[in-house]
Amino acid sequence: MLTTPEKLIFIALAAVSLWFAYVGFRRVGLIVARGTRRFHYGRWDRLGNRIGSAMVRTLSQSTVFKDRPVVSFFHAFVFYGFVFYLLVNGFDAARGLLPVAWTTVDIGLPGHLFRLVADVLSVLILVGVAFFLVRRFGARDPRLDQHEGTTLHEHVRAGGMRRDSAIVGAFILGHVGFRLLGEGFWVAHEGQPDPWQPFATTIAGLVGYGSDRIVGWHVGWWGALGLILAFLPYFPRSKHIHLFAAPVKFALERRDEDGAPVPLGALEPIDFEDETLEQYGAASLEHLSVPQLLDAYACIQCNRCTNVCPANVTGKVLSPAALEINKRYEVMAHADAFAAGESSPRPLVEFAISPEAVWACTTCGACMEICPVGCEQMIDIIDIRRDLVMMQGEFPSELQNAFRGMERTGNPWGLSADARLDWTKGFDTVVPTVDDAPDFEVLFWVGCAGSYDPAAQATTRSMARLLERAGVNYAVLGQGEKCTGDPARRAGNEYLYYQLASENVLVLNETLAAHAVEQSTPKKVVTTCPHCFNALFNDYPQLGGHYDVVHHTQFLDMLVAEGRLAPLGAGGAGGEAVTFHDPCYLGRHNGEYDAPRRVLDALGSERREMPRSRESSFCCGAGGAQFWKEEERGERKVADERVGEARATGAAVVAAGCPFCKVMLGSADGAPVVKDVAQLLEEGYARIEALGPAGTGGASAGPSAGPSAPPTSGSGD
């Protein structure tokens, strides 16, 4: 429908535009390819399955709708409009460049539906983009802001993000607006309304019908497709590139050998046997992996990760979003040189994130859980910690004591290994060791907190009583235990973790094999600490330690389900309402939310949920080795924020499933009573027994007459 000169001009401009776009996208590819490729978990296998899964997640927008339903609703207008506009732009280009007869064939209902969807989506896209521009530039949504003092790249501080958002928004408004206007003139040129294009027909009615309206269509066609040609070279530098980078990021997610996504709590190990390694962790951009560099392009700059970050929420300068944004602007500032293989000019802690922010991270995983495009901000931070600790020797001084304790005595408290069983002194229950009970079927991994911390010792004793009550044939390692190394690993001291974990794996492998009753039925390892659970379940397989690990709330849930611990009814809780705090390393990192709640229900508790619970739960502030150091400056402590939320429920008791959560929440300002789920259950049995048969509500509080073998249903995941 274009004139011959117009066609020639368009083809020439398209060739120039596509060439510069190719150069830009190729540069992005070379930049991402600079990343490291040493992966323990699969990133490239099962490509067909990965691509299919990535497309489903992308097209369903399921990750976007995790949060901000109103914003996500408007985002869906823009996203689905963009997807459909790939067809629309192709058709429009064909209508302008090909003979009229080729593009005016009546294909019936499919053609009508195509015009209807294009017409409606055009308006929805305009509405969606207008919403986002008003939100960013008019309403100034505070959720898009950063705390004063947060490290921001100089180009971001100079307005780079706002300028980019304005350019992208103006392009979409102009492109879709010109297309809708041009279609209205086309309908006017046709001389009659098109019932399948209500909005274009409205425009036609406003401009008037007539064959001379074809001029308006030419203007609209050139405005719509001309803007595409103008925008394409800029596309690789814009935030709009996330539309392509995000699906690739989904496809490259970490997966196990069976193809299942790797839990958030699993970290990539460092191969200390590899003598070719010269760098531990990430000091500069080139030390990041391919997916980590891809994150910089996948990031949509929505700030959702920052809004849920416990450090940021409590006024600290850590912003996971700023980390990704800063990475992208630094890469763009040195794009040609970096793509050509030159080293990046500055370390990450000078432009991407400050050391203060690095050490404020609790490794709770909330940023990764909420991210709509699969960025791995927490992994970046841990890799930066690895460099600071192992390469630079720069870390908070308080961590030195914890490191020294783990190295010398096998626990971060630095207490004697001989005191591992001191929690049993004066205890009314005999606790067998693996030497005392070589036929044990369940290994109770007590952990450092459960062995040494007074508050956690109460949980350990309650768990031991419950195991005895249920008739579980269990044993403990006693002095054979050492710290799993979790605090060291999350603090970036991977080598110390490696030493501790390697020793523990040797002990566990020998113990579980030497005392095996049936090789076909692996012994269970039960622990009251989610950090120990995560290390044993996710980290130790990397070193050859494959165990059937369960958290104690999971094990108690199994015992109740199998009748070996009887449900208590309303009397078990003593009439007190309970709110459960999800430990990050049990819930978000490993996906267990229901087992502890079922145990509380078996106790007969009136259970009240905090607003932030399950996968949206708020951290206690202890993770990432924070327990062993002073919290960074901010408006308030993380634990105080969480306790305030717990108090608001009106519950008299906060139920915990982690010794560190118990200590942090229990020591916060205005804290209510904080007890472990095992404590509450054990106290419930004691309460019922004190009331006598009349108070049991028909349920037996004593051990059931079930089999003595451990439950076999379920596993650590």
Exercise. Name the one of E632, E356, E635 that satisfies side-chain contact (heavy atoms from CB on, under 4.5 Å) with K316?
Worked result: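 Passing option: E632.
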Problem set entry | The single option from R50, R43, R46 passing side-chain contact (heavy atoms from CB on, under 4.5 Å) against R255 |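 One option only clears the test, and that one is R50.
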Donor-acceptor pair between [X] and [Y] side chains, under 3.5 angstrom:
| X | Y | value |
| --- | --- | --- |
| R642 | S617 | yes |
| H551 | E592 | no |
| N590 | N538 | yes |
| D383 | Q292 | yes |
| Y498 | Q542 | no |
| H153 | N326 | no |
| S319 | Q146 | yes |
| E286 | S344 | yes |

For this session: Determine, using ring centers only, whether H75 and F131 are less than 6.0 Å apart.
Result: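 Ring centroids of F131 and H75 are no less than 6.0 Å from each other.
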For this session: Take the angle between the ring planes of Y497 and Y540 and call it parallel below 30°, perpendicular above 60°, tilted in between.
Result: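 Because their plane-to-plane angle lies in the 30° to 60° range, the rings of Y497 and Y540 count as tilted.
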Exercise. Mind checking whether F537 and F533 have parallel, tilted or perpendicular rings, split at 30° and 60°?
Worked result: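 Taking F533 first and then F537, their aromatic rings lie parallel (interplane angle under 30°).
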Exercise. Between N534 and Y585, is there a donor-acceptor pair closer than 3.5 Å when you use the side chain of the first and the backbone of the second?
Worked result: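 No, N534 side chain to Y585 backbone: no donor-acceptor pair under 3.5 Å.
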Exercise. H147 side chain to N312 main-chain N or O, any donor-acceptor pair under 3.5 Å?
Worked result: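 Checked: pair present.
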Exercise. Can a salt bridge be assigned to the pair R328 and D164 using a cut-off of 4.0 Å between side-chain N and carboxylate O?
Worked result: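 Judged by the 4.0 Å cut-off on N to carboxylate O distance, R328 and D164 do form a salt bridge.
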Exercise. Taking F235 as the fixed residue, which of Y297, F171, F244 is the one that meets the ring-ring contact (aromatic ring centres under 6.0 Å, His included) rule?
Worked result: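 Single pass found, and it is F244.
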Exercise. Where do R385 and D380 land on the salt bridge (Lys or Arg N to Asp or Glu O under 4.0 Å) test, with the steps shown first?
Worked result: CA-CA 9 Å; R385 286 182 175 182; D380 282 13; over 6 Å; no
Exercise. Taking the six-membered ring of F137, is NZ or CZ of R162 closer than 6.0 Å to its centre and within 45° of its axis?
Worked result: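 The answer is no, since R162 fails at least one limit relative to F137.
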